[in-house]
Amino acid sequence: MRVAEAVKVRRSIRGFKPDPVPDELLREILDLARHAPSNCNTQPWHLTVVSGEARQRLEKAMVEEIFSGKAPSPAFKPGDAELSGVYKERQYACAMGYYGTMGIERHEKDKRQALMLKNWQFFGAPHVAFLSMPASMGPVNAVDIGIYLQTLMLLLVDYGLASIPQGALAFYPDPLLEIAQLPEGHAIICGLSFGYEAPDEQINKVTMDRAPLEDTVTLLS
């Protein structure tokens with residue numbers, strides 16, 4: 001697959017088959033992803049992949065955390081915390097397209113919350129990865145995390161796999177810190193649920209538009 005094709009094909013998938021990715025294949029993909037570029041070759045990322053029984057325990061712990069009423073405590077400010085203007089409009093359109101595809105009306109709060117909860121159930125994916133970097137780092141270093149994440153997602157597409165990046169998985173870090181091991185001083189910046197797509201699931205029919213090139217690119221000569 002050409003890189004151009006992988007970029008066009010990749011999208012956020014929210015319905016997965018239960019089949020796990022073979023360990024050898026997963027290691028091959030992750031070994032390739034580590035070649036992503038970074039500022040001064042600092043490679044600030046660390047990826048913790050949770051599968052099998054540990055994944056089941058983590059899902060249970062995260063759902064319990066949410067139902068306990070505990071407030072979210074992400075280490076880094078969420079990306080949608082202070083949106084306004086066209087950026088807020090795009091976020092709103094994204095939500096309406098998502099709920100609309102699932103046949104959920106705006107007033108159906110219980111259904112909306114149930115759909116939101118799927119984030120912390122990893123959308124049924126057999127694997128969930130948590131991407132972290134030193135808590136002392138900031139936005140400039142987060143650029144490297146984004147580069148690594150995109151590299152990994154495109155590799156997953158190239159190997160016939162699907163994924164969804166999830167900022168929401170950084171909201172409740174305590175269960176992960178109890179179940180998985182992060183490097184000393186690291187904080188979670190986002191999660192990534194992945195596996196094999198279940199193509200017939202309605203939730204995978206969600207599609208998102210992109211702004212015209214002229215809205216996001218300026219060419220000068």
Side-chain angles (χ1 to χ4, degrees), residues 1-52 54-55 58-59 79 90 94 97-98 101 118-119 121-133 141-170 176 180 182-183 186 188-213 216-217:
M1 180 180 291
R2 296 179 61 235
V3 174
E5 183 182 357
V7 170
K8 287 184 177 181
V9 170
R10 192 221 65 81
R11 61 192 183 93
S12 293
I13 294 300
R14 299 175 176 85
F16 297 87
K17 296 178 180 179
D19 314 60
V21 179
D23 186 68
E24 183 177 351
L25 176 60
L26 179 55
R27 287 179 176 274
E28 181 177 343
I29 293 170
L30 296 177
D31 191 48
L32 288 169
R34 68 187 176 87
H35 292 282
S38 61
N39 179 45
C40 296
N41 198 34
T42 50
Q43 305 167 67
W45 53 75
H46 182 271
L47 195 74
T48 297
V49 180
V50 186
S51 311
R55 177 237 177 271
L58 182 58
E59 176 185 333
R90 290 171 185 166
C94 174
Y98 182 30
T101 299
K118 287 183 177 292
N119 276 282
Q121 296 170 324
F122 318 129
F123 291 104
H127 309 278
V128 59
F130 293 87
L131 195 51
S132 67
M133 70 178 186
N141 309 102
V143 171
D144 295 335
I145 303 301
I147 293 171
Y148 176 86
L149 180 60
Q150 175 74 335
T151 300
L152 176 56
M153 289 191 296
L154 293 180
L155 283 166
L156 290 170
V157 169
D158 190 35
Y159 279 76
L161 297 165
S163 66
I164 176 169
Q166 298 168 260
L169 293 185
L176 176 65
L182 296 182
H186 271 230
I188 302 160
I189 194 165
C190 71
L192 182 76
S193 295
F194 68 94
Y196 295 98
E197 178 185 357
D200 296 331
E201 289 196 19
Q202 178 67 19
I203 201 168
N204 285 336
K205 296 179 181 178
V206 177
T207 58
M208 300 296 168
D209 293 330
R210 293 294 187 269
L213 182 66
T216 57
V217 175

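Not measured: the values here are computed from a predicted model.
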Quiz prompt | Neighbour count above 12 (heavy atom, 6.0 Å) for Asp209 CG | solution =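 Counting neighbours around CG of Asp209, 12 or fewer heavy atoms of other residues, nucleotides or ligands fall under 6.0 Å, so no.
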Quiz item: Applying the side-chain contact (heavy atoms from CB on, under 4.5 Å) test to Pro44, which of Asn39, Ile145, Val143 qualifies?
Solution: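 Result for side-chain contact (heavy atoms from CB on, under 4.5 Å) with Pro44: Ile145.
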Self-check item: Evaluation steps, side-chain contact (heavy atoms from CB on, under 4.5 Å), between Leu32 and Asp158
Solution: CA-CA 12 Å; Leu32 288 169; Asp158 190 35; over 6 Å; no
List the atom of [X], the atom of [Y], and the distance in Å for their closest heavy-atom pair.
X: Cys94; Y: Met208; result: O-CE, 3.3 Å
X: Ala211; Y: Thr216; result: CB-CG2, 4.0 Å
X: Gly160; Y: Tyr196; result: O-CD2, 3.9 Å
X: Leu25; Y: Tyr159; result: CD1-CD2, 3.2 Å
X: Asn204; Y: Ala198; result: ND2-O, 2.8 Å

Exercise. Please assess Leu131 against Leu192 for the test side-chain contact (heavy atoms from CB on, under 4.5 Å), listing each intermediate value before the final yes or no.
Key: CA-CA 8 Å; Leu131 195 51; Leu192 182 76; over 6 Å; no
Quick one, [X] and [Y] - any side-chain contact, counting heavy atoms below 4.5 Å?
X: Pro126; Y: Ser51; value: no
X: Glu59; Y: Arg55; value: yes
X: Leu149; Y: Ile189; value: no
X: Lys118; Y: Ile203; value: yes
X: Leu161; Y: Ile29; value: yes
X: Val50; Y: Phe122; value: no
X: Thr48; Y: Leu182; value: yes

Atom [atom1] of [X] and atom [atom2] of [Y]: how far apart are they, to the nearest 0.5 Å?
X: Met133; Y: His46; atom1: CE; atom2: NE2; answer: 14.5 Å
X: Asp23; Y: Glu28; atom1: CG; atom2: CD; answer: 11.5 Å
X: Asn141; Y: Thr42; atom1: CG; atom2: OG1; answer: 6.5 Å
X: Ser193; Y: Ile13; atom1: OG; atom2: CD1; answer: 12.0 Å
X: Met153; Y: Arg10; atom1: CE; atom2: CZ; answer: 4.5 Å
X: Leu154; Y: Met1; atom1: CG; atom2: CE; answer: 10.0 Å

Look at the side chain of [X] and the backbone N and O of [Y], then say whether any donor-acceptor pair between them is shorter than 3.5 Å.
X: Arg14; Y: Glu201; result: no
X: Arg11; Y: Val206; result: yes
X: Gln43; Y: Ser38; result: no

Practice problem: Take Leu156 and Val21 through the side-chain contact (heavy atoms from CB on, under 4.5 Å) test and state the conclusion after the steps. | Solution: CA-CA 11 Å; Leu156 290 170; Val21 179; over 6 Å; no
Quiz item: In terms of ring plane angle, is the pair Tyr148 and Trp45 parallel, tilted or perpendicular, where the classes change at 30° and 60°?
Solution: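 Judged by the thresholds at 30° and 60°, the geometry between Tyr148 and Trp45 is parallel.
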Practice problem: Could you tell me how the ring of His127 sits relative to the ring of Phe194: parallel (under 30°), tilted (30 to 60°) or perpendicular (over 60°)? | Solution: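 Plane angle under 30°, so parallel.
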Self-check item: Pair Asp31 + Arg27: basic N to acidic O under 4.0 Å
Solution: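 Answer for the salt bridge query: no.
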